[in-house]
Amino acid sequence: MVNRINGFTGVLDIESTVKKLMDAEKLPLNKLKAQKQINEWQTKQYRDLNLLMEDLRKQVTDGIGLVSAFSAKSVSSSNESVVSATSKGSTSNQVNTIDEITTLATSARWTSNTVVNSGGGAVDSNAKLNTITFNGGYQLTGTQKLQFDVTTPEGATSTISIDIDGSTDSLNDVIKKINNSGVGVSAFYDTATQKMVLTNKATGTGANIKINETGAGAGTKNFMQAIGFSSDASNNLVTSSSGSDASFKINGLTTTRKSNTFTIGEVTYSLKQTSSTPTTITSSTDTDKVFDNIKSFVNKYNELIAKISEKTTQKRYRDFQPLTDEQRESMKDEQIKQWEEKAQSGLLRGDKTLNSVLNNMRSNLGNPVVGSTPSLLSSIGISTSTNYLEGGMLVIDESKLKQAIQDDPNKVANLFTQPGTDPKVTSDQGLAVRLKDTLKVAIDEIAEKAGKTYYTSQQFTLGKNLLDLDKRINRFEVRLEQIEDRYYRQFNAMEQAVQRANAQSASLMQSFGGQ
C-alpha cells in the first residue's frame, strides 16, 4: 500500500489533486453502477406487473372461468323457522314443497343411574377414582382399559381404547379422554342429578356402543356398571334414547334421512321443527352475486390494463440517471425522491412483451366467441371505453348486464367458459379460456426476462446481466485502486523532488551568503 501523504512543502495539495483525477477516472464506473441500478428497477417493475397478471389469471381461473360462478342461487323459504335451504350451485331454478315434517332426527343417548358414594352424597368429579366408593362398593384401585366399539347411525363402527388409572385419573379425566378420542361420542357428568350421559354426535337410528373392560378393580362390577350404566348380554350399553330419523314428505313423496340437514338434487335443506303445514322452497338466480363476480374481474382487468399502459407509454427522462453516493449526500430527501421518480420513469416504455400481452388481451375480449349466443361482451352490457387514453379498459352497463344474467345465466356463462374444439384455435373458445392462456404465456415470458422472487440470478436474463455488471464493477474498482495508488506514488515522488530542490536551493543560498 502506498503511503498517501499530503505535501509538506505547501506547493502541492496531493489529496485534492488526486481526488479530482479520480473523479474523472470513476466516470465509467458510475455508468456501470447506474446501469446496474436501472436493471434492478426494471426487474422490480416487471415483477410488479407479473404479480398483477397472476392476480388476474387467478381471478379468471377461480371466478369467471368456472361455470359455477354463473350459477349462484338465492334460496328462499316460505317459513324459515320450519325449513331453511341453500343451493349448491344448480344450473336451473327450482320450486319444491316440504309438505309435512313428522319427526326430526335426534341422536342416541345413554344415561347412567345415580353415581354416589356408598355412604351417600354426590361424587366429586375431580377426585381421584381410587378415593371414591361407587355403587355396589366398587373402587378402582389399579388400572383399567375401557374399550368402546361405537357404531354410527350409518352403520360404520370405530373403536377407542382408554386407559384409566385410579391413582391419577378423576371422573372428569375419563370424560375428557372420551370427548377427545374422536370416536364421535360426547360425554358429560351432571352433579345435580349425579348422572353421566353419552351422546352419539350423529343423528338417526341405528347407533350403538359396545363395551369391553379389562384390568384389576375391587368389587364385582366393572367401571361402566359401577358408574350406573346398564348393558345387555352382548355388552351393548342400554340406551335411554335410541335416536330417530327425520321423517318428512317432499313434493308428495314420504321419505326419511339420518340427519336434519340433507341434500336432494342441488338444494340442501335444514329441518328445524315438525310441522303439518307445507313449506315452499324457491331457488332463483342470485343476479347480484353473479354480477359481483363479473364486476370483480372487470376491475382487476382494468387495473392491469391501466398499469401496463402507464409503463409502456411513460416518458423517459434520460438526463435523470441514478444518483451516485456523492450526489445523494448533497441532496435533501425530497429532492432525491423527485429525482428518482424521473429516473425510474419510462424504463419499460415500448416494451414488446408488454405491448403484446396488452394487444392480445384486447383481442381476446373483443373478438366474438363462435358458437356462443351472445358472442360478444357488448351484448351483455360490457364495452370498451371510448376514451383512447384509458388503453382499452372495460365499462359496465350495470342494468344491461344484470338483465342478461337474470334472463339466462347459462348463456352468459357459456360466453366466458365455452371450452372450444381445438386448443390451438381460439375463435370458439370462451373469453375466460382465451384470457387464461394469453396471461400464462405473458407471465412465463416476463419471468424468463425478470424472474420471480424465488429465482436465482442465473435463471433470468436481467439477473444474468446483473451478475455480469457486478463482475465488471468489481474489476473496475480494483483497477481504480491501482490507479489511485499510482497517482499517490507519483505525487509523493514529486513532493520528495520538490523537497530535495528546496534543500539544494537553501544550501546554495547559504554558500553565496558566506562569501
Side-chain angles (χ1 to χ4, degrees), residues 37-66 69 291-316 337 340-367 377 382-385 387-396 416-417 426 429-457 459-463 465-466:
Q37 181 63 78
I38 288 172
N39 275 23
E40 289 174 345
W41 283 339
Q42 285 179 323
T43 299
K44 184 179 185 307
Q45 290 183 19
Y46 275 126
R47 289 183 178 181
D48 287 346
L49 289 176
N50 231 11
L51 286 175
L52 287 178
M53 283 192 276
E54 288 175 346
D55 285 346
L56 177 60
R57 191 169 191 274
K58 188 175 188 305
Q59 180 92 20
V60 172
T61 303
D62 299 341
I64 61 163
L66 300 173
F291 173 84
D292 288 342
N293 285 336
I294 297 175
K295 184 177 181 180
S296 180
F297 155 72
V298 169
N299 289 341
K300 185 67 71 175
Y301 174 84
N302 285 344
E303 179 186 0
L304 177 61
I305 288 287
K307 201 65 179 178
I308 293 178
S309 297
E310 175 196 345
K311 291 298 182 182
T312 55
T313 59
Q314 259 184 346
K315 183 177 179 180
R316 182 79 172 97
K337 179 182 177 182
E340 291 195 337
E341 283 178 356
K342 283 188 166 59
Q344 294 183 51
S345 175
L347 296 182
L348 304 184
R349 182 181 176 86
D351 185 86
K352 291 182 179 179
T353 302
L354 295 176
N355 278 329
S356 176
V357 69
L358 202 60
N359 292 331
N360 288 339
M361 286 194 298
R362 291 168 182 160
S363 176
N364 289 159
L365 300 186
N367 291 332
L377 272 178
I382 303 175
S383 58
T384 303
S385 172
N387 184 351
Y388 76 94
L389 295 175
E390 293 183 341
M393 294 172 66
L394 299 177
V395 179
I396 298 176
F416 286 94
T417 63
T426 62
Q429 289 179 348
L431 305 180
V433 179
R434 297 172 181 174
L435 202 55
K436 279 191 296 185
D437 293 342
T438 292
L439 288 169
K440 178 66 167 61
V441 171
I443 289 168
D444 290 344
E445 285 184 5
I446 291 177
E448 186 176 344
K449 183 181 292 187
K452 296 185 178 182
T453 54
Y454 54 86
Y455 277 32
T456 64
S457 296
Q459 291 179 284
F460 58 99
T461 303
L462 285 174
N465 291 346
L466 287 169

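Counting begins at 1 with the first residue of the sequence. Given the structure is predicted, the values throughout are model-derived calculations rather than measurements.
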Margin query: Please evaluate residues Met361 and Leu304 with respect to the criterion side chain to side chain contact (heavy atoms under 4.5 Å, CB included), reporting the C-alpha separation (whole Å), side-chain torsions for both, the decisive distance (0.1 Å), and the verdict.
Written below: CA-CA 10 Å; Met361 286 194 298; Leu304 177 61; 3.8 Å; yes
Item checked: Gap separating the NZ atom of Lys452 from the CD atom of Gln459, nearest 0.5 angstrom -> 11.0 Å
Notebook entry, point to check: Nearest 0.5 Å, what's the OG-CG distance between Ser385 and Leu394?
Noted result: 9.0 Å
Checklist line | Spatial distance of atom OG1 (Thr461) from atom CG (Asn39) [nearest 0.5 Å] | finding: 10.5 Å
Next item on the list: Inspect the surroundings of NZ in Lys449 and state if more than 12 heavy atoms from other residues, nucleotides or ligands are less than 6.0 Å away.
Entry: yes
Margin query: For Lys58, is the NZ atom crowded, meaning more than 12 foreign heavy atoms sit under 6.0 Å from it?
Written below: no
Next item on the list: Might you work through the side chain to side chain contact (heavy atoms under 4.5 Å, CB included) test for Leu435 and Phe297, ending with a clear yes or no?
Entry: CA-CA 11 Å; Leu435 202 55; Phe297 155 72; 3.5 Å; yes
Item checked: Side-chain heavy atoms of Leu347 within contact of Arg316, under 4.5 Å -> yes
Item checked: Backbone of Ile443 reached by a side-chain donor or acceptor of Arg57 within 3.5 Å -> no
Item checked: Asn360 and Thr438: side chain donor to acceptor below 3.5 Å -> no
Margin query: Looking at every heavy atom in both Gly392 and Thr384, which two are closest together, and how far apart are they?
Written below: CA-CG2, 3.7 Å
Check: Would you say Thr313's side chain and Ser309's backbone share a donor-acceptor pair under 3.5 angstrom?
Finding: yes
Checklist line | Value rounded to 0.5 Å, distance of CG in Leu52 from CG in Leu439 | finding: 11.0 Å
Checklist line | Asp444 side chain reached by Glu448 side chain, heavy atoms, under 4.5 Å | finding: no
Check: Do you know the tightest heavy-atom contact between Ala69 and Gly63?
Finding: CB-O, 3.1 Å
Next item on the list: Could you please spell out the steps behind the side chain to side chain contact (heavy atoms under 4.5 Å, CB included) verdict for Thr353 and Tyr46?
Entry: CA-CA 10 Å; Thr353 302; Tyr46 275 126; 5.8 Å; no
Margin query: Are the side chains of Asn364 and Leu431 in contact, using a 4.5 Å heavy-atom criterion?
Written below: no
Item checked: Phe460 six-ring face occupied by Arg47 cation (under 6.0 Å, within 45°) -> yes
Notebook entry, point to check: Any side-chain heavy atom of Leu66 sitting closer than 4.5 Å to one from Phe416?
Noted result: no
Next item on the list: Write down the atom of Leu354, the atom of Ile308, and the distance for their closest heavy-atom approach.
Entry: O-CG2, 3.8 Å
Item checked: Non-hydrogen side-chain atoms of Lys311 and Asp351 separated by less than 4.5 Å -> no
Check: Considering residues at least two apart in sequence or located in another chain, which fulfil the salt bridge (Lys or Arg N to Asp or Glu O under 4.0 Å) criterion with Glu341?
Finding: none
Notebook entry, point to check: Got a second to check how far Asn299's CG is from Ile294's CD1, nearest 0.5 Å?
Noted result: 12.0 Å
Notebook entry, point to check: Using 4.0 Å as the upper bound for N to carboxylate O, is an ion pair formed by Glu310 and Lys307?
Noted result: yes
Next item on the list: Work out which heavy atom in Met393 is nearest to a heavy atom in Glu390; give both atom names and the distance.
Entry: CG-O, 2.9 Å
Check: Any side-chain heavy atom of Trp41 sitting closer than 4.5 Å to one from Glu340?
Finding: yes
Check: What are the two closest non-hydrogen atoms of Val357 and Ala442, and how far apart are they?
Finding: CG2-CB, 3.4 Å
Next item on the list: Check the side chains of Thr426 and Gln429 for a donor-acceptor pair under 3.5 angstrom, ignoring hydrogens and angles.
Entry: no
Note to self: Give me the atom names and distance for the closest heavy-atom approach of Gln344 to Gln314.
What the structure shows: O-OE1, 4.2 Å
Margin query: Are the side chains of Tyr301 and Ile64 in contact, using a 4.5 Å heavy-atom criterion?
Written below: no
Next item on the list: Can you measure from CE (Met53) to NZ (Lys300) and round to the nearest 0.5 angstrom?
Entry: 13.5 Å
Check: Is any side-chain heavy atom of Leu365 closer than 4.5 Å to a side-chain heavy atom of Ile382?
Finding: no
